[in-house]
Enquirer: 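Sharing a structure with you now.
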Amino acid sequence: MKKIILQSICCLALLAGIVSFTSCKDDDYAPISLVLAPDSSINFSNNALSLSPFSPGVTFHIQGGDGSYIIASPNTAVIDYRYNGDELTVIPKGLGKATLNISDRSWNTYSLQITVAYPETTYGIESVEGIVDGGELTQNQLLAIKADIESNSLVQAGGKYVFTYTEKDFSAGIVTIYPSASDNHTLHGIFTKSVNGNQEQIHIELTDGNVYDYILTVSPILSGYHASRTEIIPERVLLQDVTGTYQSTYPALEKAYCVLHIPGEAI
């Protein structure tokens with residue numbers, strides 16, 4: 001009888017050991033993650049990736065999980081991918097959003113949210129300044145022209161220009177203009193851009209037919225036009241030559257500029 005009881009206890013212990021062993025999940029692995037090369041400049045954070053349609057693609061190393069990865073993308077119109085068992089390369093195919101799903105045989109999962117969009121540059125305007133030069137102009141005329149330039153600027157302080165590049169060489173695209181911080185009305189058009197030394201010449205044609213030309217510069221080239229200026233021009237300004245607008249009314253006018261001061265920019 002004791003022998004039977006001992007045998008039963010041993011069987012139960014063995015069963016308990018088997019149950020205990022089989023209940024330990026074989027997926028106690030680190031979470032699946034993606035790692036970029038250290039020198040990569042791609043906009044990637046956590047599980048979100050932003051790509052330009054001009055990008056040749058971005059390559060990751062997959063980490064975590066059990067190492068047997070299954071990769072799928074339900075939206076192949078936006079992205080494609082290549083996986084060689086070691087590296088995963090995501091390739092843009094069209095504008096839009098897509099999700100790349102990575103899983104393994106132990107039920108670990110990871111989802112990469114991908115946005116493919118044209119690159120943009122935003123120039124926020126901190127202040128507007130009229131610069132006027134004409135040795136024969138009276139002080140009242142100088143002040144009147146300056147005030148008129150500032151009040152008639154296309155964009156006021158708090159407004160911004162958003163340039164969306166639709167060409168691979170960043171030479172042209174679509175522009176969206178926000179005239180002020182409080183105005184929900186936006187202006188739309190196209191632009192072309194060329195580089196001349198440390199300056200960029202930007203030509204804008206709006207849908208309403210108006211045309212604007214600016215110089216984006218990093219040097220204080222205006223300092224010679226107004227001897228009374230003592231403040232320092234910010235590192236970057238959008239400079240619009242408006243001399244022709246006022247010269248017929250003020251023949252003594254030599255130079256007039258609308259200067260849009262940019263405190264910084266976002267890409």
Side-chain angles (χ1 to χ4, degrees), residues 17-124 160-176 190-195 198 200 202 216 236 264-267:
I18 293 173
V19 171
S20 175
F21 177 78
T22 56
S23 65
C24 292
K25 294 182 180 179
D26 58 359
D27 62 351
D28 291 336
Y29 303 101
I32 296 175
S33 62
L34 296 179
V35 179
L36 279 170
D39 58 347
S40 177
S41 60
I42 295 296
N43 185 7
F44 171 66
S45 175
N46 296 326
N47 67 334
L49 172 67
S50 296
L51 284 177
S52 160
F54 310 126
S55 169
V58 56
T59 299
F60 298 91
H61 288 283
I62 307 177
Q63 294 184 345
D66 66 11
S68 299
Y69 303 116
I70 303 166
I71 302 169
S73 173
N75 194 343
T76 56
V78 175
I79 61 165
D80 196 1
Y81 66 90
R82 302 285 185 271
Y83 180 57
N84 62 10
D86 179 39
E87 295 180 332
L88 169 67
T89 301
V90 181
I91 305 165
K93 289 182 63 179
L95 301 175
K97 295 181 181 294
T99 300
L100 189 75
N101 296 308
I102 304 173
S103 60
D104 64 16
R105 300 182 187 281
S106 299
W107 303 102
N108 299 294
T109 61
Y110 175 91
S111 293
L112 178 64
Q113 307 300 321
I114 303 165
T115 300
V116 180
Y118 288 121
E120 290 185 347
T121 299
T122 299
Y123 296 118
K160 61 185 177 181
Y161 295 76
V162 180
F163 295 97
T164 303
Y165 300 97
T166 58
E167 297 295 328
K168 188 175 182 178
D169 62 359
F170 284 46
S171 63
I174 300 167
V175 61
T176 303
I190 59 175
F191 75 93
T192 56
K193 184 179 72 172
S194 59
V195 179
N198 65 346
E200 296 178 6
I202 303 174
L216 178 66
R236 295 174 77 84
E265 61 183 274
I267 303 168

Enquirer: Decide yes or no for N101 and P74: does some side-chain heavy atom of the first lie under 4.5 Å from some side-chain heavy atom of the second?
Expert: yes
Enquirer: Enter the distance from I202:CD1 to K193:NZ here, rounded to the nearest 0.5 Å.
Expert: 6.5 Å
Enquirer: Looking at every heavy atom in both T166 and G173, which two are closest together, and how far apart are they?
Expert: OG1-CA, 3.3 Å
Enquirer: Taking everything shown except K93 itself, do over 12 heavy atoms lie less than 6.0 Å from its NZ?
Expert: yes
Enquirer: Of V90, I62, V58, L49, which is the lone residue that meets side chain to side chain contact (heavy atoms under 4.5 Å, CB included) with L34?
Expert: I62
Enquirer: So N108 and Y29, do their side chains get closer than 4.5 Å, heavy atoms only?
Expert: yes
Enquirer: Identify the heavy atoms of L112 and F44 that sit nearest to each other, and give their distance.
Expert: CD1-CE1, 3.6 Å
Enquirer: Keeping to residues at least two apart or across chains, list the salt bridge (charged side-chain N to carboxylate O under 4.0 Å, His left out) pairs with something in residues 161-174.
Expert: none
Enquirer: I need the I102 CD1 to Y83 OH distance, nearest 0.5 Å.
Expert: 8.5 Å
Enquirer: To the nearest 0.5 Å, tell me how far R82 CZ sits from L88 CG.
Expert: 11.0 Å
Enquirer: Are F191 and Y165, when compared by the centres of their aromatic rings, separated by less than 6.0 Å?
Expert: yes
Enquirer: Please report the closest heavy-atom contact between P92 and S55, naming both atoms and the distance.
Expert: CG-O, 3.3 Å
Enquirer: Please lay out, stage by stage, how L216 and R236 fare under the test side-chain contact (heavy atoms from CB on, under 4.5 Å).
Expert: CA-CA 7 Å; L216 178 66; R236 295 174 77 84; 3.0 Å; yes
Enquirer: Provide the closest heavy-atom pair for S50 versus I42 in the form atom of the first, atom of the second, distance.
Expert: O-CG2, 4.1 Å
Enquirer: If you measure only the distance, is there a donor-acceptor pair under 3.5 Å linking the side chains of D104 and S68?
Expert: no
Enquirer: Between S111 and T99, which heavy-atom pair has the shortest distance, and what is it?
Expert: CB-CG2, 4.0 Å
Enquirer: With distance as the sole criterion, is a donor-acceptor pair present between the side chains of T59 and T89 under 3.5 Å?
Expert: yes
Enquirer: Could you walk me through whether V116 and I79 pass the side-chain contact (heavy atoms from CB on, under 4.5 Å) test, one step at a time?
Expert: CA-CA 8 Å; V116 180; I79 61 165; 4.1 Å; yes
Enquirer: CZ of F54 to CZ of F170: how many Å apart, nearest 0.5 Å?
Expert: 7.5 Å
Enquirer: Got V35 and F60 here, is their nearest side-chain heavy-atom distance under 4.5 Å?
Expert: no
Enquirer: Can you give me the closest heavy-atom contact between A117 and P53, atom names plus distance?
Expert: O-CD, 3.2 Å
Enquirer: Applying side-chain contact (heavy atoms from CB on, under 4.5 Å) to T122 and Y161, what does each step give before you reach the verdict?
Expert: CA-CA 6 Å; T122 299; Y161 295 76; over 6 Å; no
Enquirer: First locate atom CG of L95, then atom CG of L51, and finally report the distance between them rounded to the nearest 0.5 Å.
Expert: 11.5 Å
Enquirer: Can you tell me how far the CD1 atom of I71 sits from the CG atom of L100, to the nearest 0.5 Å?
Expert: 6.5 Å
Enquirer: Centres of the Y123 and F163 rings: under 6.0 Å?
Expert: yes
Enquirer: Please step through side-chain contact (heavy atoms from CB on, under 4.5 Å) for the pair Y69 and I32, ending with a clear verdict.
Expert: CA-CA 9 Å; Y69 303 116; I32 296 175; 4.3 Å; yes
